[in-house]
Amino acid sequence: KLYAEWFAKFHTIFHRCTFSTASTPFIAEKMSALKKAFVIHNGLNKEQLAIAEKLQVKKEPYSICYLSGSKSHDRDFAQVQPAIERIMEENDAVHFYVAGYLNESLSNRFADRIVRLPYMPWQKLLAFNAKMSVNLAPLDTENPFCHAKSELKYFEAALVGVPTVASPTDTFVKCIRSGENGFLAESEEEWYQAIHTLLEDQKLAIRMSDLAKQDVLERYAPQAIGKEAFAVYQNILKEAKTVFKK
């Protein structure tokens with residue numbers, strides 16, 4: 001009910017304004033059908049950078065994590081679950097960590113290797129994520145809502161040195177260069193190969209996580225997002241002068 005009220009208010013405000021900004025190109029494109037839209041990406045904040053800099057954690061070997069922020073991800077996770085099952089069947093050392101809300105059947109078969117944690121604030125989430133070998137970001141690519149989601153699951157994991165395997169949504173395709181700073185996967189075989197590779201090839205995993213961290217510090221750090229926002233608002237001011245002269 002609260003979310004419904006929020007979005008009703010967002011809708012009202014959007015129609016009252018002359019210009020709009022969005023956190024992803026996909027949303028901005030949808031907005032642009034009604035009015036001028038610009039992109040200001042979601043990004044990291046200074047507290048996240050400070051937490052990441054102080055972290056001294058030991059990696060959990062053969063660890064896969066899925067960080068579910070809401071109860072809306074069961075369908076998203078369903079596409080990667082078969083690949084995880086295959087990997088856990090082949091390697092008894094593999095553990096799967098879930099934080100947040102998720103209905104999954106893996107626990108029925110691998111109860112002793114499934115670690116469930118409650119929903120946690122983002123400050124604690126960074127430290128938890130940093131211990132993992134692989135971070136998963138599956139999304140339903142047939143759902144426009146999923147294409148609208150930001151890169152958050154990629155850049156938060158990359159900040160603490162964890163490579164991500166993600167679905168090829170509009171957003172992830174724009175930030176993940178598959179095989180370089182992460183992997184994109186859609187079919188069961190693609191999910192399996194990507195996760196298996198990162199678990200078994202430590203040199204590749206380290207190289208990939210290093211490239212991802214370099215990428216997010218360049219593109220999603222507060223200074224970078226600040227420059228992007230400044231440029232966007234400058235453009236809006238310039239266009240506003242023309243619009244309101246008419």
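If you read the sequence from its start, that first residue is 1, and numbering goes on from there.
Residues F128 and A99 come closest through the heavy atom pair CE2-CB, 4.0 Å. Closest heavy-atom contact between L198 and M208: CD2-SD, 3.8 Å. Of all heavy-atom pairs between G182 and I176, the closest is C-CG2, 3.7 Å.
Distance alone, capped at 3.5 Å, is enough to place a donor-acceptor pair between the K153 side chain and the L67 backbone. Side-chain atoms of Q79 come within 3.5 Å of backbone N or O of L139 as a donor-acceptor pair. Remark: the backbone N or O of I40 is not paired with any side-chain donor or acceptor of S23 at under 3.5 angstrom. Of the possible polar contacts, none joining the N135 side chain to the N129 backbone as a donor-acceptor pair under 3.5 Å is found. Between the side chain of S63 and the main chain of S133, a donor-acceptor pair closer than 3.5 Å is present. Side-chain atoms of K59 do not come within 3.5 Å of backbone N or O of K131 as any donor-acceptor pair.
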*Using the side-chain contact (heavy atoms from CB on, under 4.5 Å) rule, take L152 and W122 through it: C-alpha gap first, then chi angles, then the decisive distance, then the call.*
CA-CA 11 Å; L152 184 145; W122 57 264; over 6 Å; no
*For side-chain contact (heavy atoms from CB on, under 4.5 Å), just list the numbers for R86 and E188, CA-CA rounded to whole Å, side-chain angles, deciding distance to a tenth of an Å, and then say yes or no.*
CA-CA 10 Å; R86 286 173 59 186; E188 177 184 335; 3.1 Å; yes
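Distance check, rounded to the nearest 0.5 Å: CD of E156 to OG1 of T164 gives 10.0 Å. With values rounded to the nearest 0.5 angstrom, I51 atom CD1 is found 7.5 Å from L55 atom CG. To the nearest 0.5 Å, the span separating OG on S209 from CD on Q202 amounts to 9.5 Å. The CG atom of D140 lies 6.0 Å from the CG atom of D76; values are rounded to the nearest 0.5 Å. Here the NZ-CD distance, from K36 to E239, works out to 4.5 Å after rounding to the nearest 0.5 Å.
In this model, a donor atom of one side chain and an acceptor atom of the other lie less than 3.5 Å apart for E90 and Y192. In this structure, a donor-acceptor pair under 3.5 Å is absent between the side chains of T24 and S150. A donor-acceptor contact under 3.5 angstrom links the side chains of H41 and E228, judged on distance only.
Linking Ile, Leu, Val, Met, Phe, Trp and Tyr residues whenever their side-chain heavy atoms come within less than 4.5 Å places V115 and L125 in a single cluster. A single hydrophobic cluster is seen to contain both Y62 and W191, as judged by linkage of ILVMFWY side chains at heavy-atom distances under 4.5 Å, directly or through other members. Cluster annotation: I64 is not connected to I206 through the hydrophobic network of ILVMFWY side chains, with a link wherever side-chain heavy atoms come within less than 4.5 Å. Residues I114 and L136 share a single hydrophobic cluster, defined by chaining ILVMFWY side chains whose heavy atoms lie under 4.5 Å apart. A chain of hydrophobic side-chain contacts below 4.5 Å, direct or via other Ile, Leu, Val, Met, Phe, Trp or Tyr residues, connects I87 to V98.
Counting heavy atoms from C-beta outward, Q214 and D210 have side chains that stay 4.5 Å or more apart. Side-chain contact between H95 and E60: absent, with no pair of heavy atoms (C-beta onward) separated by less than 4.5 Å. In this structure the side chain of R219 never reaches within 4.5 angstrom of the side chain of F155, judged on heavy atoms. I195 has its side chain within reach of V80: a pair of non-hydrogen atoms, C-beta onward, lies under 4.5 Å apart. Looking only at side-chain heavy atoms (C-beta outward), F77 and I84 come within less than 4.5 Å of each other. Two residues are said to be in side-chain contact when any heavy atoms from C-beta on lie closer than 4.5 Å; L159 and L49 meet this criterion.
Residues satisfying the salt bridge (charged side-chain N to carboxylate O under 4.0 Å, His left out) test with E186, not counting sequence neighbours, are none. With sequence neighbours excluded, no residue forms a side chain to side chain donor-acceptor pair (under 3.5 Å) with Y97. Listed by chain and residue number, E180 satisfy the salt bridge (charged side-chain N to carboxylate O under 4.0 Å, His left out) test with R177 (two or more places apart in sequence, or in another chain).
In the displayed structure, K35 atom NZ is contacted under 6.0 Å by more than 12 heavy atoms of other residues, nucleotides or ligands. At most 12 heavy atoms of other shown residues, nucleotides or ligands fall within 6.0 angstrom of atom CD in E53. Surrounding CD of E89 are more than 12 heavy atoms belonging to other residues, nucleotides or ligands, all under 6.0 Å away. The 12-atom threshold is exceeded at NE2 of H15, counting heavy atoms of other residues, nucleotides or ligands nearer than 6.0 Å.
Y154 and Y220 have perpendicular rings, their planes meeting at more than 60° on a 0 to 90° scale where under 30° would count as parallel. The aromatic rings of F19 and F244 sit perpendicular, their planes meeting at an angle over 60°, well past the 30° parallel limit.
Applying the under-4.5 Å side-chain rule to Ile, Leu, Val, Met, Phe, Trp and Tyr, the cluster around W6 extends to L2, Y3, F7, F10. Here I27 is tied into one hydrophobic group with F14, M31, L34, each link being a pair of ILVMFWY side chains closer than 4.5 Å.
In this structure, F96 has its ring center no closer than 6.0 Å to that of F110.
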N/O donor to acceptor pairs below 3.5 angstrom from side-chain atoms of residues 168-175, sequence neighbours left out:
residue, atom, partner, partner atom, Å
T169, OG1, F172, N, 3.3
D170, OD1, K174, NZ, 3.0
D170, OD2, K174, NZ, 3.0
T171, OG1, H147, O, 3.2
T171, OG1, K149, O, 2.7

